[in-house]
Amino acid sequence: MKKITILDVQKMKADGQKITMLTAYDCCIARLLDECSLDIILVGDSLGNVVLGFENTIPVTMADMLRHVPAVARGRQRALVVADMPFMSYQVSIEEAKRNAGMLIKEGGAEAVKVEGGENMENVIRALVDIDIPVMGHIGLTPQSIHRMGGYRVQGKGEHQRQKLMADALAVERAGAFAIVLEAIPASLSSEMTRMLKIPTIGIGAGADCDGQVLVIHDLLGLSGTFRPKFVKQYARLDESIKRAVSEYIDEVKTGTFPTAEHSFK
Ligand code: KIV
C-alpha cells in the first residue's frame with residue numbers, strides 16, 4: 001500500500017484526478033476512512049462543534065488537538081493526515097505558530113497543518129513552509145473569523161469580495177501552501193480560482209469544479225442533528241441506526257432477553 005504524500009496530492013491535480021478529504025477525530029473513524037482509500041484525513045477544529053459540543057470552533061485548544069490528532073494518526077496507514085491549527089495557536093507570533101505547528105507534526109503525527117486566512121497569514125504560512133512543515137490554506141468562510149463575518153455566511157459574493165478572495169488565494173499559493181480549502185464561496189469563483197492556481201483547491205460548499213472535496217464526517221453520516229447546510233449531502237442516517245440499536249438494547253435489558261447464555265460465561 002502506497003502512503004499518500006503532499007506530492008501525490010499535487011500530482012492528482014496535474015492528472016485531473018479528484019482529491020477526497022473528510023474529517024476524523026478518533027482512531028476508529030480514521031481506520032475506517034483509511035480502509036476506504038480516502039486521500040486526506042483532516043483533524044478539523046470542527047472537533048469543537050461536532051465532538052466537544054461547543055457552538056463554534058473558537059474554544060478549541062492545542063491540548064484538544066494534541067489529544068485527537070495522535071488518535072487519528074494511529075488509525076491511518078495510507079491517508080495524508082492534516083491537523084487544523086486552532087484559534088490563537090498561530091495568530092500571536094510566528095514563533096508561536098512554528099512551535100504549535102511543530103507539536104502537531106512531532107507529537108501529533110500529522111504530516112501537514114491547516115491555517116485559516118489569506119493575505120493576512122502569508123507570513124505565517126511562509127515561515128512554516130520554510131521550516132519544512134507543509135501547510136494547507138483555508139479561505140472563504142473561515143469559521144475562526146465568525147465574529148468578524150457576523151455568522152456563517154457565503155463569502156465572495158460582490159465584486160469587491162471576489163477580488164479580495166482572489167488576492168487571498170494567490171497569497172496562500174505564493175507563501176508555499178501545498179493545497180487550499182475553499183469554503184462557502186460561489187461555484188463560479190472557485191472554478192476561476194481552480195484554473196488560476198497551480199496548487200489543488202479542495203472545496204466545501206464551493207461547487208463541483210474544485211480539484212477535490214471535503215465534508216465533516218458527522219454531516220456525511222447523519223450525526224449532526226438538525227444542522228444541515230445546503231452543501232452537505234447525507235450519505236447515511238447513522239443517527240437513526242444508533243437510536244434503533246440503543247432502544248433495542250434498553251428494551252432487551254429491561255425485559256431480561258439480554259444477555260442470554262450465548263453472551264454469558266460458564
Ligand atoms: O474544521 C474543519 O472541519 C474544516 C473543514 C470544514 C474544512 O476546516
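Indexing begins at 1, ligand by ligand and atom by atom, following the structure's order. These numbers come from a predicted model, not from an experiment.
Glu248 has its side chain out of reach of Phe258: every pair of non-hydrogen atoms, C-beta onward, lies at least 4.5 Å apart.
Side-chain polar atoms of Arg162 and Ser188 form a donor-acceptor pair below 3.5 angstrom.
Counting only residues at least two apart or in different chains, ring-ring contact (aromatic ring centres under 6.0 Å, His included) contacts with residues 2-60 comprise Tyr25-His218.
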Dump the pairs for me: ligand 1 N or O, protein N or O, distance under 3.5 Å, to 0.1 Å.
residue	atom	partner	partner atom	Å
ligand 1	1 (O)	Asp45	N	3.2
ligand 1	1 (O)	Asp45	OD1	3.0
ligand 1	1 (O)	Ser46	N	3.0
ligand 1	1 (O)	Ser46	OG	3.3
ligand 1	1 (O)	Asp84	OD2	3.1
ligand 1	3 (O)	Ser46	OG	2.5
ligand 1	8 (O)	Lys114	NZ	2.9

> What's the verdict on side-chain hydrogen bond (donor to acceptor under 3.5 Å, both in side chains) for Thr194 and Asp211, showing C-alpha distance, side-chain angles and the deciding distance?
Replying inline: CA-CA 7 Å; Thr194 301; Asp211 298 304; 4.7 Å; no

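No donor-acceptor pair under 3.5 Å is formed between the side chain of Thr57 and the backbone N or O of Ser46. Between the side chain of Asp84 and the main chain of Asp45, a donor-acceptor pair closer than 3.5 Å is present.
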